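To start, the structure itself, in structure tokens.
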Amino acid sequence: MKKLMALMLIGVMTAAMVTGCGSSSDSAQTAEDTETAADETTADETGDAAEAETSDDAESDMAYVQGKGTLVVGITEFEPMDYKNADGEWIGFDADMAKAFAESLGVEAEFVEIEWDNKIMELDGRTIDCVWNGMTLTDEVTSAMECTDAYLNNAQVVVVAADQADQYQDTDSLSDLTFAVEAGSAGEAEVSALGLSYTAVKSQADALMEVAAGTSDAAVIDSLMAAAMIGEGTGYEDLTYTIGLNSEEYGVGFRKGSDLAAALNEFFAASYADGTMQEIADTYGVQAALVEQ
């Protein structure tokens, strides 16, 4: 009897051990299956994200602009390029050309004032679609943007009080002056290169106001703006411009790799050929600076 009970006890213990081992194996297998499923889900999500990113990258800038129905143009107030008329509408050589180009794409031009020093960041962040505001084609600009061919010639000129102009006829005479320049502009680059003392302000219009108010001795602005905004018959009759510091060209900048730059070059060529570009240039007094397309 004792032997029988002992054999039964051994049998029960053996069964328990077998059952215990089976549970451990099942748990391990379940954990492995769960981990595999999680890995597959993560891989799927990563693949979906990569596919979406590739899709975004593959979409042309023109398709993006046409899809949303607007060409958002980054500008500053800069007569005769972009400025407001009495009704608050943006006009000017650049503004009128931008409207015409947008119309050719089947969209509307929307103008957004930007901090000029942040133009590349605004463009890359897609808060604007292009920078079209008498932008000088500097090395910094052409390396960071997809730029058009040049369409206007320009220069950076020194603006001073008219009754002091005869004192400032060469770069050596500028050393004791304090300048106001637009932050991130070609004018700032010029005064910085000459080692002159300056204050960076929001726009070229602000730089003119600094000189008119006497808070700065001089400003450096675009020659096209100087011709339109200072001297007899303007709001700054007591100011004049003297020497030119460089010669340069204007272009329009889009996001790097954008197909809109080539499209605008074609539009420029067609507009020049049919006389539209010259007509708009005549309206704003920049015809002499027009570059043949």
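Everything numeric in this text was worked out from a predicted model, so none of it was measured. Just so you know, these numbers use all the heavy atoms, side chains as well, and skip hydrogens, waters and symmetry mates.
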Non-hydrogen side-chain atoms of [X] and [Y] separated by less than 4.5 Å:
X    : Y    : result
F179 : V158 : yes
L245 : T171 : yes
E113 : D82  : no
F93  : L224 : no
M97  : Y151 : no
M81  : V286 : yes
W116 : M135 : yes
T242 : V160 : yes

Expected output: side-chain [X] to main-chain [Y] donor-acceptor under 3.5 Å:
X    : Y    : answer
T234 : M229 : yes
S104 : F101 : yes
Q164 : A162 : no
Q167 : S173 : no
Q278 : A273 : no
T215 : E210 : yes
D259 : M62  : yes
T76  : F78  : no
E110 : V72  : no
D129 : F254 : no

Decide side chain to side chain contact (heavy atoms under 4.5 Å, CB included) for I243 and Y168; before the verdict, give the C-alpha distance in whole Å, the side-chain angles of both, and the deciding distance to 0.1 Å. CA-CA 8 Å; I243 61 173; Y168 306 109; over 6 Å; no
Would one find more than 12 heavy atoms of other residues, nucleotides or ligands at under 6.0 Å from atom [atom1] of [X]?
X    : atom1 : answer
K202 : NZ    : no
D139 : CG    : no
E237 : CD    : yes
D176 : CG    : no
Q66  : CD    : yes
D238 : CG    : no

Are E122 and T127 close enough that a side-chain donor and a side-chain acceptor fall under 3.5 Å?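 Present: a donor and an acceptor within the cut-off.
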If only side-chain N and O atoms count, and only distance matters, is there a donor-acceptor pair under 3.5 Å linking Q156 with N246?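 On atom types as modelled, these side chains do not qualify, holding no pair under 3.5 Å.
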Criterion side-chain hydrogen bond (donor to acceptor under 3.5 Å, both in side chains) on D94 and Y284, from CA distance to verdict: CA-CA 10 Å; D94 281 351; Y284 297 101; over 6 Å; no
Nearest 0.5 angstrom please: [X] [atom1] to [Y] [atom2], how far?
X    : Y    : atom1 : atom2 : answer
E248 : S223 : CD    : OG    : 7.5 Å
Q204 : D206 : CD    : CG    : 10.5 Å
Y272 : D274 : OH    : CG    : 12.0 Å
D96  : T276 : CG    : OG1   : 11.5 Å
E108 : K99  : CD    : NZ    : 11.0 Å
F267 : E103 : CZ    : CD    : 8.5 Å

Can you get from [X] to [Y] by hopping between Ile, Leu, Val, Met, Phe, Trp and Tyr side chains that sit under 4.5 Å apart?
X    : Y    : value
I91  : I280 : yes
V73  : W90  : yes
I120 : V252 : no
W132 : L260 : yes
Y64  : I128 : no

Taking all atoms of both residues into account, what is the closest heavy-atom pair of [X] and [Y], and its distance?
X    : Y    : result
G184 : K119 : O-NZ, 3.3 Å
S216 : A180 : OG-CB, 3.6 Å
V157 : A226 : CG2-CB, 3.9 Å
L71  : A98  : CD2-O, 4.5 Å
A218 : V211 : C-CG2, 3.4 Å
D149 : F268 : O-CE1, 4.4 Å

Identified side chain to side chain donor-acceptor pair (under 3.5 Å) counterpart of Y250 within the set T148, N133, D222, T136: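 Answer after filtering T148, N133, D222, T136: D222.
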